[in-house]
Amino acid sequence: MQLAIPLKHLGFLLPGLDDSLPPAEIAARLHAHFAFAGDITVTITEGVAYVTGDEAALAKRDEAARLAERAAKRARDGDFARAVELYERVLQLHPTLATAHRELAMSLMELGSLDAAKDALIDAIKLAPDDAWSFVVLGNVYARLAQPALAKRFQLRALELKLGDAWALNGLAAAEMALGETDAGIAHFAEATRLHPTFANAWLGKAIAEHNAGRPADTDLTLRGLFAHARAADTRDRPVFTQARLLFVEAQTALAAQQESDAFKTTQALRAEVETISGHAVDIVEEKLPAGIAGRAQMAWKHGRARHRISICLQAPPPQSLALHLQCHELTHIQLEAEARAVGLNRFFATDPATQAAALADLAPDIRRITKHFPRADAAAELATELIAGTCGLAFNVPLDILIERRLHATRPALRAIQLLSLQRLAREAADATLRPEIRKITPPKILRIACALNGLAALFLDDLSGGATDTFVPYAALDTADTSRRLWTRWQELAAAWTPAAEYTWVDEFADLLGIRVWFTWKPDPGPSATSGDTADFPPRVKEPDLTLEGTTNPELLRAKHPAAVWFLLDALKRFAAMSTPQIHALTLEVARVGQEGLDYASADKKYTLRALPGEQFSGLQLMCFMFAGFKRIAPDMDAKMDLEEPFLAALQLFNQQRGEG
């Protein structure tokens, strides 16, 4: 080992020591200073002090180098305690290795041992007084010790040794912020990011400074720069990205509050545009919606109305600002359909008995597997029927929703912060509904795969929309559907680049083919001009939401809402009838009809009815109605049973035939 130390730098290295002292005293002081390095000699020639010591044996140096590599890997992996142990062994073998002292100090810092880190850095600087990074780390230690003035001093020294070093600039900026020198600190953070764009700490430091200064727009821009350019070198950088994501949400929240008035104006402007292009006024209301639905648009031309209706969920209403995003989303949904109508290409997504039966046939093995988790076999089937409807809705909505959100982001800048917050909220709800173990246990595997693939697609879109500031795809990345989500996302981007009105409907078909559910739904033609232009056609019929608050046997809307369960009860009836003679079917049907004369409570799932024709069993009111309906179809097919069960009966019949290999 040989160090050459200009005498004029002695004062920085050893306060109180300068070139005015006698050479012998300087030599003695330096000899004591470097005693940790073993036997050394000190000579002074022409204003330079030369410190010379015995080099470690070659074998020890090689072993020290190997240990240092292992220690560095441990530090990169976040195992700082083990890294410290290895660096200490390195220095036992090679005590004059300056970089080992510095790296030891960095691991000690991560463990919170600041005094020990400071001592290690002092030794590193003794051995390499021109190593700028040792001064950077020492400055960081003093920053942790809440001594910003000393931290600034050492960062400035690092910059003297290495002009424009990004890490020194970052440390200097942090010290200046602690000293209240905000403008200088932000400027030095910015310089660090310019010189080293992948340095995440500098981006985050600048964003924090801007956030604390009440500048959310600047904070947002800086954080987007971080996620666009910065990279995590090792595990020590991961907390930086975690903190940046939390700060991003805070920045969007602050921006949303600032822009709420403009967002409201944007919503009203979009509402006026949609009313003009569609030819119908828009009503926006809060009301109860089915679980999992935050907002819904009912187009006037689909429901035989003079006005569109947008519903925002009343059960769990979002904050007012986020409700604006939901309104704009549904308004844009109407807008897309109006544009499709304008070019004569609009059509309606639908399911019918044939598609429902096809879906049920697809899921029959899955339904049998999950039945053990339910008290009744028909409950599993009923859930599967509801999930089929939800899955079809997801297959239709996700490609369109992404298109809607991209359009909103591009054309409604005042809505962007609110949009991101709202989409994050919806993404959390979707993940909770898809990824919770208790839900996964009772969900048919095919439906689960489809939901994960489509929710993963939506998550990839959101992460792209935020410039990487969100990480909503992370929980989906470990699933076996991750590659499917990525394929859908890549394809969606290709299709969106060539979008024309109504093209999104073909996307739904293409994605459904890939997911294996194209036969689960169909399309119906748009009948043309709306009712307000003189067309009074009944198709498509007006859909009225069932009033689920009514009970008893005189509520046809409730019966229609029970159609999913009725499919399975009707299928059970058909299977029973297949093993019965015609007289037996006749007797069973008439017995149910006599019981029904006193009224059947099909609002309740309770099994409170018995039949002589089927002794030892109990039945719900809906189940008896299905026996009666299916029975009359056998013994009196032309009779009007006065029950709206034709649609579920056709679905059950098709499923029955498929299971028997006849259809």
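Counting begins at 1 with the first residue of the sequence. Just so we're clear, the structure is a prediction, and the values are computed from it rather than from any experiment. The figures that follow rest on heavy atoms only: side chains count, while hydrogens, waters and symmetry mates do not.
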Counting only pairs under 3.5 Å, give me each side-chain donor-acceptor contact of residues 494-503, with atom names and distances, residues two or more places apart or in other chains.
residue, atom, partner, partner atom, Å
Glu494, OE1, Arg491, NH1, 3.1
Trp499, NE1, Glu504, OE1, 2.7

- Query: If every non-hydrogen atom of Ala297 is compared with every non-hydrogen atom of Ile334, which pair is closest and at what distance?
  - Reply: CB-CG1, 4.0 Å
- Message: I need the minimum non-hydrogen distance between Thr472 and Ala459, along with the two atoms involved.
- Response: OG1-O, 3.2 Å
- Are side-chain heavy atoms of Leu426 and Glu429 found at a separation under 4.5 Å? yes
- Does the side chain of Asn346 pick up a donor-acceptor pair with the side chain of Tyr505 at under 3.5 Å? yes
- Message: Using modelled atom types and a 3.5 Å cut-off, is there a donor and acceptor pairing between side-chain atoms of Thr443 and backbone atoms of Ile439?
- Response: yes
- Message: How long is the straight-line distance from CG of Leu611 back to CZ of Phe627, given to the nearest 0.5 Å?
- Response: 7.0 Å
- Considering only NZ, NE, NH1 and NH2 on the basic side and carboxylate oxygens on the acidic side, decide whether Arg486 and Asp483 come within less than 4.0 Å. yes
- Query: Between CG of Leu400 and CD1 of Ile404, what distance do you get to the nearest 0.5 Å?
  - Reply: 6.0 Å
- Query: Are any non-hydrogen side-chain atoms of Phe461 and Arg406 less than 4.5 angstrom apart?
  - Reply: yes
- So, the side chain of Asp606 versus the backbone of Ser620: is there a donor-acceptor pair under 3.5 Å, distance only? no
- Message: Donor-acceptor check, side chain of Asn397 to backbone of Gly393, threshold 3.5 angstrom: yes or no?
- Response: yes
- Message: Tell me which one of Glu405, Gln419, Arg412 satisfies side chain to side chain donor-acceptor pair (under 3.5 Å) with His325.
- Response: Glu405
- Quick one: are Ile312 and Ile310 in side-chain contact, heavy atoms under 4.5 Å? yes
- Arg416 side chain to Gln252 side chain, donor-acceptor N/O pair below 3.5 angstrom: no
- Message: Hydrogens and angles aside, do Trp520 and Asp362 bring a side-chain donor and acceptor to less than 3.5 Å of each other?
- Response: yes
- Message: For a side chain to side chain contact (heavy atoms under 4.5 Å, CB included) check, start with the C-alpha distance between Arg347 and Asp526, then their side-chain angles and the critical distance, and finish with the verdict.
- Response: CA-CA 5 Å; Arg347 48 187 170 140; Asp526 186 321; 5.6 Å; no
- Message: Does any part of the side chain of Ser278, heavy atoms only, come nearer than 4.5 Å to the side chain of Trp301, both counted from C-beta?
- Response: yes
- Message: Within this structure, what is the NZ-OG distance for the pair Lys288 and Ser311, rounded to the nearest 0.5 Å?
- Response: 13.5 Å
- Gln618 side chain to Tyr609 main-chain N or O, any donor-acceptor pair under 3.5 Å? no
- Are the charged groups of Arg309 and Glu287 less than 4.0 angstrom apart, N to O? yes
- Would you give the length of the straight line joining atom CG of Leu331 to atom CD1 of Ile277, rounded to the nearest 0.5 angstrom? 12.0 Å
- Any pair counted as salt bridge (charged side-chain N to carboxylate O under 4.0 Å, His left out), so long as it reaches residues 512-523, sequence neighbours left out: Asp509-Arg518
- Task: Check whether the ring centres of Phe619 and Phe569 lie less than 6.0 Å apart, and answer yes or no.
- Result: no
- Distance-only, no hydrogens or angles: does the Lys446 side chain make a donor-acceptor pair with backbone N or O of Gly516 under 3.5 Å? yes
- Item | CA sep, side-chain torsions, deciding dist, call: Asn455, Leu435, side chain to side chain contact (heavy atoms under 4.5 Å, CB included) | CA-CA 10 Å; Asn455 285 339; Leu435 302 175; over 6 Å; no
- Query: How close do Ala256 and Ala417 get, heavy atom to heavy atom, and via which atoms?
  - Reply: N-CB, 3.8 Å
- Query: Taking atom types as modelled and ignoring hydrogens, do the side chains of His308 and Asp283 form a donor-acceptor contact shorter than 3.5 angstrom?
  - Reply: no
- Message: So does Pro399 get a backbone contact from the side chain of Trp492, meaning a donor-acceptor N/O pair under 3.5 Å?
- Response: yes
- Message: For the backbone of Thr355 and the side chain of Thr351, can you confirm whether one donor and one acceptor N or O come within less than 3.5 Å of each other?
- Response: no
- Message: Less than 4.5 Å apart, side chain to side chain, heavy atoms only: is that true for Glu273 and Gln335?
- Response: yes
- Would you sort out whether Gln424 and Arg428 count as a side chain to side chain contact (heavy atoms under 4.5 Å, CB included), showing the intermediate values? CA-CA 6 Å; Gln424 280 189 285; Arg428 286 193 300 270; 4.0 Å; yes
- Message: Main chain of Glu337, side chain of Arg341: is a donor-acceptor contact present, judged purely on distance under 3.5 Å?
- Response: no
- Note on the structure: Sequence neighbours excluded, the answer for side chain to side chain donor-acceptor pair (under 3.5 Å) partners of Gln493 is none
- Task: Assess whether atom CZ of Arg487 is packed by more than 12 heavy atoms of other residues, nucleotides or ligands within 6.0 Å.
- Result: no
- Message: If the threshold is 4.0 Å, N to carboxylate O, is there a salt bridge linking Arg576 and Asp572?
- Response: yes
- Side chain to side chain, Phe629 and Glu646, heavy atoms closer than 4.5 Å: yes
- Compute whether any side-chain donor of one residue and acceptor of the other, for Asp601 and Ser604, lie under 3.5 angstrom apart. no
- Task: Calculate, to the nearest 0.5 Å, the distance between atoms CG and CG belonging to Asp644 and Leu559 respectively.
- Result: 6.0 Å
- Given the rule in the side chain to side chain contact (heavy atoms under 4.5 Å, CB included) test, do Tyr602 and Leu624 qualify, once you have shown the distances and angles that lead to the verdict? CA-CA 9 Å; Tyr602 54 87; Leu624 289 190; over 6 Å; no
- Task: Measure the CG-NZ distance between Leu622 and Lys607 for me, rounded to the nearest 0.5 Å.
- Result: 11.5 Å
- Arg224 and Asp220 ion-paired at < 4.0 Å: yes
- Any side-chain heavy-atom pair of Val398 and Leu457 under 4.5 Å: yes
- Query: Within a strict 4.5 Å, meaning less than it, do heavy atoms of the Leu454 and Leu488 side chains meet?
  - Reply: yes
- Message: Looking at Asp471 and Val474, would you say the former's side chain and the latter's main chain have a donor-acceptor pair under 3.5 Å?
- Response: no
- Is the distance between the ring centroids of Phe349 and Phe521 less than 6.0 Å? yes
- Counting only N and O atoms by type, is there a donor-acceptor contact under 3.5 Å from the side chain of Thr434 to the main-chain atoms of Ala431? no
